[in-house]
Amino acid sequence: MGRRTTRERARERHVHPEPLAYDTTWAGEARAAVGCAALLLGLLLAIDAAAGTLTDLRAALWLGLAVLLFAVLWPARVSAGRGRLVSRKLTRCSEVRTDRLVSVRWSDGVAQRLVLRDADGNRTEIDPRVLVANPPLWRVLDTDARTSVARGTLCCGETALRQVAARVDGETARRVFKISGLG
């Protein structure tokens with residue numbers, strides 16, 4: 001019987017190594033979600049109270065509406081480590097092996113999402129703005145995606161990755177020019 005590596009023992013215990021990069025804008029977006037829901041609740045209660053129509057049932061209805069808005073606005077918390085990307089949403093967590101990607105594509109719909117699938121059948125969706133706002137997170141994903149390409153597991157998605165890379169590079173250049181006073 002061979003010796004197990006630290007990573008294998010950690011995987012068996014469902015313990016993951018510390019992330020190399022994470023979404024630094026998440027806390028602000030989470031505060032905004034809480035603020036918007038609280039503001040909506042406060043306004044609805046104030047309007048109803050001013051009109052003299054506030055009842056327990058209506059207050060419960062407004063509270064339910066505010067909770068629904070909160071759930072819709074709550075951002076996914078994205079982190080990446082060597083060979084993995086984790087997206088934690090309010091009610092679920094999804095993880096993909098980024099060093100074993102089989103596809104990367106843009107999702108159809110109103111909000112742009114990058115859909116990642118790995119060789120184990122795992123799938124996660126992330127907002128590409130998270131990668132643009134967090135170049136270290138993008139670098140970890142890009143490095144692992146290149147590993148997938150080198151291994152031959154990434155069948156489709158190189159174009160989507162190049163598009164994200166162009167967006168990250170463009171935003172990084174804008175930030176550098178702004179900080180240096182050239183833009």
Side-chain angles (χ1 to χ4, degrees), residues 16-40 43 68-119 122-183:
H16 299 289
E18 288 296 315
L20 293 176
Y22 58 92
D23 181 5
T24 58
T25 63
W26 180 84
E29 291 180 20
R31 280 191 301 273
V34 170
C36 287
L39 181 64
L40 177 68
L43 287 173
L68 180 63
L69 178 65
F70 169 77
V72 168
L73 294 179
W74 189 257
R77 187 172 212 165
V78 179
S79 61
R82 287 188 180 89
R84 68 185 182 89
L85 184 128
V86 180
S87 176
R88 289 179 180 85
K89 296 182 181 170
L90 194 58
T91 57
R92 63 187 166 105
C93 178
S94 59
E95 178 178 344
V96 291
R97 293 287 311 265
T98 50
D99 57 349
R100 298 184 59 204
L101 291 173
V102 293
S103 74
V104 178
R105 65 176 177 80
W106 294 104
S107 70
D108 296 330
V110 176
Q112 266 198 336
R113 295 280 184 245
L114 199 61
V115 181
L116 307 165
R117 289 185 188 274
D118 67 15
N122 300 318
R123 173 185 182 273
T124 192
E125 293 183 19
I126 59 172
D127 187 340
R129 292 179 297 181
V130 170
L131 298 173
V132 171
N134 299 280
L137 189 60
W138 163 247
R139 281 193 297 277
V140 172
L141 174 60
D142 184 47
T143 301
D144 287 341
R146 289 174 193 264
T147 301
S148 295
V149 170
R151 289 180 177 167
T153 60
L154 187 60
C155 306
C156 60
E158 290 183 64
T159 303
L161 290 170
R162 279 194 298 272
Q163 290 170 340
V164 174
R167 288 172 70 175
V168 171
D169 291 345
E171 183 59 30
T172 302
R174 275 190 283 287
R175 286 182 189 161
V176 168
F177 285 135
K178 184 177 181 182
I179 290 170
S180 66
L182 297 173

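Position 1 is the first residue of the sequence, and the numbers go up from there.
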K.L.:
Which residue pairs pass the salt bridge (charged side-chain N to carboxylate O under 4.0 Å, His left out) test when at least one of the two sits in residues 124-133, sequence neighbours left out?
P.N.:
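Qualifying pairs: R113-D127, R123-E125, D127-R129.
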K.L.:
In Å, rounded to the nearest 0.5 Å, how long is the span from CG of L137 to CG of D142?
P.N.:
11.5 Å
K.L.:
Test side chain to side chain contact (heavy atoms under 4.5 Å, CB included) on E95 and N122; report intermediate values, then the result.
P.N.:
CA-CA 7 Å; E95 178 178 344; N122 300 318; over 6 Å; no
K.L.:
Show, in sequence, the C-alpha distance, side-chain angles and deciding distance for W138 and V132, and conclude whether the side chain to side chain contact (heavy atoms under 4.5 Å, CB included) test is met.
P.N.:
CA-CA 7 Å; W138 163 247; V132 171; over 6 Å; no
K.L.:
Just to verify, which of V86, L90, T91 counts as forming a side-chain contact (heavy atoms from CB on, under 4.5 Å) with R88?
P.N.:
V86
K.L.:
With sequence neighbours left out, which residue pairs that include part of residues 147-165 fulfil the salt bridge (charged side-chain N to carboxylate O under 4.0 Å, His left out) condition?
P.N.:
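Applying salt bridge (charged side-chain N to carboxylate O under 4.0 Å, His left out) to every pair that reaches into residues 147-165, excluding sequence neighbours, yields D99-R151.
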K.L.:
For a quick test of reading the model, state the closest non-hydrogen atom pair linking A76 to K89 and the distance between them.
P.N.:
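Of all heavy-atom pairs spanning A76 and K89, the closest is CB-CG, 3.8 Å.
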K.L.:
Could you tell me the separation between the CZ atom of R84 and the OG1 atom of T124, rounded to the nearest 0.5 Å?
P.N.:
12.0 Å
K.L.:
Residues two or more places apart in sequence or in another chain: which of them pass ring-ring contact (aromatic ring centres under 6.0 Å, His included) with W26?
P.N.:
W74
K.L.:
Would you compute the distance between atom CZ of R117 and atom SG of C156 and round it to the nearest 0.5 angstrom?
P.N.:
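Result: 9.5 Å between the selected atoms.
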K.L.:
Measuring from T24:OG1 to N134:CG, what's the distance to the nearest 0.5 Å?
P.N.:
4.0 Å
K.L.:
Residues in salt bridge (charged side-chain N to carboxylate O under 4.0 Å, His left out) with R175, at least two apart?
P.N.:
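Listed in chain order: E171.
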K.L.:
Only one of L114, I126, L141 forms a side-chain contact (heavy atoms from CB on, under 4.5 Å) with V164, so which one is it?
P.N.:
L114
K.L.:
Would you find a donor on one side and an acceptor on the other, under 3.5 Å apart, between the side chain of T98 and the backbone of A145?
P.N.:
no
K.L.:
Check whether any side-chain heavy atom of L154 lies under 4.5 Å from a side-chain heavy atom of L161, and answer yes or no.
P.N.:
yes
K.L.:
Kindly write out the residues that satisfy salt bridge (charged side-chain N to carboxylate O under 4.0 Å, His left out) with R77, not counting sequence neighbours, or none if the list is empty.
P.N.:
none
K.L.:
Do any pairs count as a salt bridge (charged side-chain N to carboxylate O under 4.0 Å, His left out) and have a residue in residues 132-141, sequence neighbours left out, and if so which ones?
P.N.:
none
K.L.:
Rounded to the nearest 0.5 Å, how far apart are CG of D118 and CG of D144?
P.N.:
11.5 Å
K.L.:
Please confirm whether the backbone N or O of T25 pairs with a side-chain atom of D23, one donor and one acceptor, at under 3.5 Å?
P.N.:
yes
